[in-house]
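Here the structure is laid out as C-alpha cells; the discussion comes afterwards.
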Amino acid sequence: METTHDLPIATAEPSTAGLSSPDLAPVAWADRSWTTGNYAALWISMSLCIPTYMLASSLIEGGMNWWQALLTILLGNTIVLVPMLLNGRAGARYGIPFPVFARASFGVRGANIPALLRALIACGWFGIQTWIGGYALYQMGVLWLPALGTLPAVFPASWGLATGPAITFLLFWGLNMYVVHLGVDSIRKLLVFKAFFLPVAALALLFWAISAGHGLGPILAQPSKFASSAAFWAYFFPALTGMVGFWATLSLNIPDFTRYAVSQRAQLLGQAIGLPASMTLFSFVGVVVTSATVIIYGQTIWDPVVLAARFESRLLVSFAMLAVALSTLATNIAANIVSPANDFANLSPTRISFKTGGYITGVIGLLIFPWKLIADPSGYIFTWLVGYSALLGPIGGIMIADYYLLRHQQLDVPDLYQYHGRYTYRNGFNTAAILALLVGIAPNVPGFLVAIGGLPKDAVWSGLVALYNYAWFVGFALSAVVYVALMRGVKMVESSARPSV
C-alpha cells in the first residue's frame with residue numbers, strides 16, 4: 001500500500017510464491033454460475049439442520065414462550081444478514097475467498113490471524129455436528145444391541161463421555177474423514193437426499209407434536225417462565241447475541257461462496273430471501289415440538305435426537321436416526337469443511353491442500369470435546385455461541401470498516417497475492433488491525449471467564465460481566481472505531497481496474 005509515511009512501497013516485480021493456490025485464486029467471470037436461486041437454496045440447506053432446531057428449543061428451555069423465541073431468532077438473523085451482505089459484496093466483485101479478502105486489512109501474512117480464529121470455530125462446529133450424527137447412530141444401535149449402552153467406562157469421568165456414544169462418535173468421525181478423502185463432490189447426492197428428507201421429516205415431527213399435544217392451541221399457550229420483564233430482558237439480550245453468533249462465522253467467510261455469483265444482485269437477493277425466513281420457519285418446528293414435549297412427557301426435551309429415541313417403533317427410530325446421521329454428514333462437509341480447509345490452506349498455500357485442511361479440521365474437531373459444548377441449552381448459547389461471537393465480531397468490524405469506510409470498495413487484486421505490495425504493511429502484518437482486534441476482544445474476556453466458571457462472578461466488575469451479553473456488538477463496534485482511528489495516517493490507493501459488478 002502506498003502511504004504518507006513509512007509503510008513500504010513495492011519497487012520491484014513482486015513474487016507470488018507461497019501466497020496463491022488454485023483454491024485461493026480469484027474466480028473468473030466465465031466460471032461463475034451461482035444465481036439467486038442457488039444462494040437461497042444454500043441457506044435453506046444450511047438452515048435445515050439439527051443445531052437450528054436446538055437453537056430454538058434451547059430458548060424454550062431457557063424460559064421463552066413460542067413467539068418470544070421466534071422473534072429473537074428472526075431479529076438475530078436479520079442483524080447478522082447485514083455484515084453477511086456487506087462482506088459478500090467483496091467476494092462477488094473480485095472473486096476472492098475470505099482469507100484473501102482479509103489480507104487487505106490485516107496484511108498478506110496477518111490475514112492468517114482472522115482466518116485461523118474463524119477456522120478454529122468451524123472446527124468446533126464440525127465437532128458438534130459429528131457428535132450429533134454419532135449420537136444418532138448410538139440411539140439406533142442401542143435399540144438392536146442393548147449391550148452398547150452398558151459398556152464399561154474407558155474414559156476419565158471428567159470427560160463426560162460414555163463408551164457406547166464414544167464408539168459411534170468415532171465411527172461417524174471416520175466416515176466424515178473418508179468423505180474428505182474422496183472429495184467434496186462425493187457429498188452431492190447426500191445433499192440432494194437432505195434437501196428432500198429434512199423438510200419432510202420436519203413436517204412429520206411438527207404434525208406428530210400437534211397431534212400428540214392435543215392441537216396447536218395448548219402448545220402455543222405455554223407461558224413464558226420469566227417472573228418479570230426484567231428477568232426476560234436479562235435473558236433476551238445474551239440470547240440475541242447468541243442468535244447473531246450462530247451465523248457470525250459465515251458472515252466473515254461468505255466471500256468463499258459469493259465469489260461464484262453471476263452478479264451482485266444474485267447474492268444479495270438470494271441471501272436476503274434464504275437466511276432469515278428459512279431459519280425462522282425451521283425454528284418454528286423446534287419451538288412447537290419442544291413446547292409439545294412439556295405437555296406429552298411432562299418435561300422439556302430440547303434435543304431432537306433424544307426425543308426421537310422415545311418413539312416406540314424400533315424401525316421408525318432406526319430410520320429417523322440413520323436419516324439424521326446422513327443429513328448431518330452432508331451438512332458437515334458443506335458448511336464446516338469447505339471454509340476452514342481454505343483458511344488452513346492460507347497458512348501455506350503451496351504445502352496445505354484443501355484435503356489436508358479438511359483433515360486438520362477433523363482432528364481439531366475431535367479434540368475440542370464437542371459433546372460438552374452442547375451438553376445443556378445454557379452452555380450452547382452462553383458459552384459457545386456468545387463466546388465465539390466475541391472473537392468474530394471484532395474481525396467483522398475491522399474488515400467492513402476497511403473495505404467501505406477507508407477503501408471505498410476498491411482493492412488491488414494482484415497485490416493481494418504479493419509479498420511486497422500495498423498490503424504488505426510491516427513484514428506482512430498490519431499492526432493497526434491486530435491492535436484493533438485485541439481492543440475489541442479484551443472487554444469480553446472477563447465475562448467469558450465468568451461464563452465458563454474460570455472466575456467467580458463476584459471477582460469481576462458487574463459491568464464487565466453484563467458487557468459479555470453483547471459480545472458480538474461490542475467487539476464489532478469497538479474494533480471498527482479503533483481501526484479507523486489507527487489508519488488515519490494511511491493513504492488508500494484505489495485500484496485502476498474496477499470490476500463492473
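Quick note: numbers below take in every heavy atom, side chains included, and nothing from hydrogens, waters or symmetry partners. Along the sequence shown, residues are numbered consecutively beginning with 1.
- Qualifying side chain to side chain donor-acceptor pair (under 3.5 Å) partners for T35, counting only residues two or more places apart in sequence or in other chains: N38.
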What side-chain donor-acceptor pairs closer than 3.5 Å can you find for residues 146-170, not counting sequence neighbours?
from : atom 1 : to   : atom 2 : distance (Å)
T150 : OG1    : A147 : O      : 3.2
T163 : OG1    : P152 : O      : 2.6
T163 : OG1    : V154 : N      : 3.4
T168 : OG1    : G134 : O      : 2.9
T168 : OG1    : P165 : O      : 3.1

| task | I would like to know whether Y235 and W233 meet ring pair (Phe, Tyr, Trp, His ring centres under 6.0 Å); could you show each step before the answer? | result | CA-CA 5 Å; Y235 184 83; W233 291 115; over 10 Å; no

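- The nearest pair of heavy atoms linking I352 to G357 is CG2-N, 3.9 Å.
- With a 4.5 Å cut-off on side-chain heavy atoms, F448 and V386 do not count as touching.
- Side-chain atoms of N336 and T361, non-hydrogen and from C-beta on, never get closer than 4.5 Å to each other.
- With hydrogens and angles ignored, the 3.5 Å screen pairs a side-chain donor or acceptor of S57 with a backbone N or O of Y53.
- Within the model, atoms CG of L391 and CG of L117 stand 5.5 Å from one another, a figure rounded to the nearest 0.5 Å.
- Distance alone, capped at 3.5 Å, is enough to place a donor-acceptor pair between the N87 side chain and the S251 backbone.
- Annotation for I132 and V305: closest pair CG2-CG2, 4.2 Å, computed over non-hydrogen atoms.
- With sequence neighbours left out, the side chain to side chain donor-acceptor pair (under 3.5 Å) criterion links W144 to S318.
- Evaluation of the side chain to side chain donor-acceptor pair (under 3.5 Å) test over residues 271-286, restricted to residues two or more places apart or in two chains, returns W43-Q271, S47-S278, Q267-Q271.
- Separation of atoms CE (M46) and CH2 (W247) is listed at 5.0 Å; rounding is to 0.5 Å.
- Using a 30° and 60° split on the angle between ring planes, F232 and F226 fall in the perpendicular class, above 60°.
- Of all non-hydrogen atoms in S479 and I398, the two that sit nearest each other are CB-CG1, 3.9 Å.
- Evaluation of the side chain to side chain donor-acceptor pair (under 3.5 Å) test over residues 113-132, restricted to residues two or more places apart or in two chains, returns R118-N253, W125-Y388, T130-N332.
- Considering every non-hydrogen atom in both W34 and L42, the closest pair reads CZ3-CD2, 3.9 Å.
- The heavy-atom pair separating G88 from I254 by the smallest distance is N-CG2, 3.5 Å.
- Side-chain N or O atoms of S228 include one that pairs as donor or acceptor with a backbone N or O of A231 at under 3.5 Å.
- Between the side chain of T290 and the main chain of S58, no donor-acceptor pair closer than 3.5 Å is present.
- S291 is not listed as a side-chain neighbour of L220, based on a closest heavy-atom distance of 4.5 Å or more.
- Considering all non-hydrogen atoms of both residues, T78 and P276 come closest at OG1-CB, 4.2 Å.
- Atoms CG and CG, on L74 and L275 in that order, are 10.0 Å from each other to the nearest 0.5 Å.
- A side chain to side chain contact (heavy atoms under 4.5 Å, CB included) with C123 holds for exactly one of I128, I364, V363; it is I364.
- When ring centroids are compared, F369 and W371 come within the 6.0 Å threshold.
- Side-chain atoms of R310 do not come within 3.5 Å of backbone N or O of Y297 as any donor-acceptor pair.
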Below 3.5 Å, can you tabulate the donor-acceptor pairs from side chains in residues 451-465 to any protein atom, sequence neighbours excluded?
none

| field | Test ring pair (Phe, Tyr, Trp, His ring centres under 6.0 Å) applied to F473 and Y470, step by step | value | CA-CA 5 Å; F473 300 95; Y470 311 89; 7.4 Å; no

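- For the pair Y39/L269, no side-chain contact is recorded, criterion being any heavy-atom separation below 4.5 Å from C-beta on.
- The side-chain heavy atoms of L240 and L75, taken from C-beta on, include a pair separated by under 4.5 Å.
- Looking at F282 and L55, their side chains never come closer than 4.5 Å, going by heavy atoms from C-beta outward.
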